[in-house]
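Beneath this line is the structure, given in structure tokens, with notes to follow.
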Amino acid sequence: MAKYKIAEIPGDGIGPDVMAAAVKVLETLEETRDLSFEFNRLVVGDELKERTGVALPPGTIDEIRKSDVALFAAVGDTAREVLLPIRQQLDLYVNLRPAKVYPNVPHLKEDVDIVMVRENTEGIYKMIGDRGDGWGINVRVITAKASERIARYAFEYAVKYDRKLVTSVHKSNVLNYSCGVFQEACQRVAEEYPGVEFNEVLVDACAMRLILRPEAFDVIVTTNLFGDILSDEAAGLVGGLGMTPSGNIGDDHAMFEPIHGTAPRLAGTGRANPMATILSAGMMLDWLGEKDSAAVVEKAVIDVLKEAKTLTPDLGGSAKTMDVASAVCEKL
Ligand code: ATP
């Protein structure tokens, strides 16, 4: 039997609510498939900082390192203090965000099935800068090494998941120094994958085309800030925050999380939609190599959505977070 140690990081706000739902789904999988999970619950975030002055206790990253994978829910104001060190110290260089239309989820566009591959360690989020009286500077760092490895991840993903097109998104006509390095790295890597179509789009044109013709995109690879913005745009196209999972992935470690934040007004009310976290748990299983279980989780989510009997208020229903989890578990 495959056994996995999971660092479970619920965080704040609706984080613990949606995490409880995802854990219930994973525990049901243990009963129905040849799998077992050991959860190592780690406390981080806003509430912890209020109590102790520290949002990310020393040792947390080592605990994640000792686990097979991490499942994270949400933190609010301390996101920068918690997420950036985890991503950087574990070298989780890929931020992977699928955006696709699910049944009975109100969406702006049909036929959207995009996978956003965002560079997760450098760019403007390198946090190099300064601020003085009336001025501020953030330095954008782009290296060929990081650009090549994110481009390679995007092409490998396309090959593995039978995707046809990789689009490199940048702004090399204006940000010629930094985006030039990214653009050329993508072009070099593209030559190694003649079986995958490759094209390039400037980030402003991409933002517009995502609204007008999202079906023109398949896999998008881009830099950190552009990916941050475009992946929220893509999430908006397919029905928003309650439905969108993500992964922070490196060569040796990974952490999966819904893209939404703590939604403090919904915390503890049972009105939070757990689907994004359940789908993140599905992505986690896929990364662990449990492809069948990952597919089963996604199918259970789709079945519950199709039935439209157990939906949270954001999807037009009146079900509670844990009712949705139970409905997904029944389908499993
Ligand atoms: P934070 O400061 O942590 O980012 P936030 O409330 O500003 O919190 P989000 O948590 O990302 O930002 O959510 C914005 C809004 O989207 C919420 O107020 C809520 O209405 C809705 N929302 C987000 N996640 C969910 C969810 N899982 N289920 C239902 N509604 C959600």
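Indexing begins at 1, ligand by ligand and atom by atom, following the structure's order.
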Considering the heavy atoms of [X], write down every atom of ligand 1 situated less than 4.0 Å from one of them.
X: P264; result: 6 (O), 8 (O)
X: A272; result: 28 (N)
X: G76; result: 3 (O)

Run the salt-bridge test on [X] and [Y] with the 4.0 Å N-O cut-off and return the result as yes or no.
X: E192; Y: R152; value: yes
X: K66; Y: E63; value: yes
X: R131; Y: D133; value: no
X: D12; Y: K49; value: no

Minimum side-chain heavy-atom gap E47-E50 below 4.5 Å: no

Which protein heavy atom lies closest to [atom], and at what distance to 0.1 Å?
atom: atom 2 (O) of ligand 1; value: T262 OG1, 4.1 Å
atom: atom 5 (P) of ligand 1; value: A263 N, 4.1 Å
atom: atom 25 (C) of ligand 1; value: I14 CD1, 4.1 Å
atom: atom 9 (P) of ligand 1; value: G261 N, 3.4 Å
atom: atom 31 (C) of ligand 1; value: L266 CD1, 3.9 Å
atom: atom 26 (C) of ligand 1; value: N273 N, 3.6 Å

What part of L241 sits under 4.0 Å from ligand 1 if we count only heavy atoms: the side chain, the backbone, both or neither? side chain

Report the part of D314 (side chain from C-beta onward, or backbone N, CA, C, O) that has a heavy atom under 4.0 Å from ligand 1; answer both or neither where that applies. side chain

Would you mind telling me which of N224, T121, D251, N248 makes a side-chain hydrogen bond (donor to acceptor under 3.5 Å, both in side chains) with Y93? D251

Are any non-hydrogen protein atoms located under 4.0 Å from atom 7 (O) of ligand 1? no

Quick one: do V69 and V23 end up in the same hydrophobic cluster if we chain Ile, Leu, Val, Met, Phe, Trp and Tyr together by side-chain heavy atoms under 4.5 Å apart? yes

Set out, in order, the CA-CA distance, both residues' side-chain angles and the distance that settles side-chain contact (heavy atoms from CB on, under 4.5 Å) for S147 and E184, then state yes or no. CA-CA 9 Å; S147 303; E184 287 163 21; over 6 Å; no

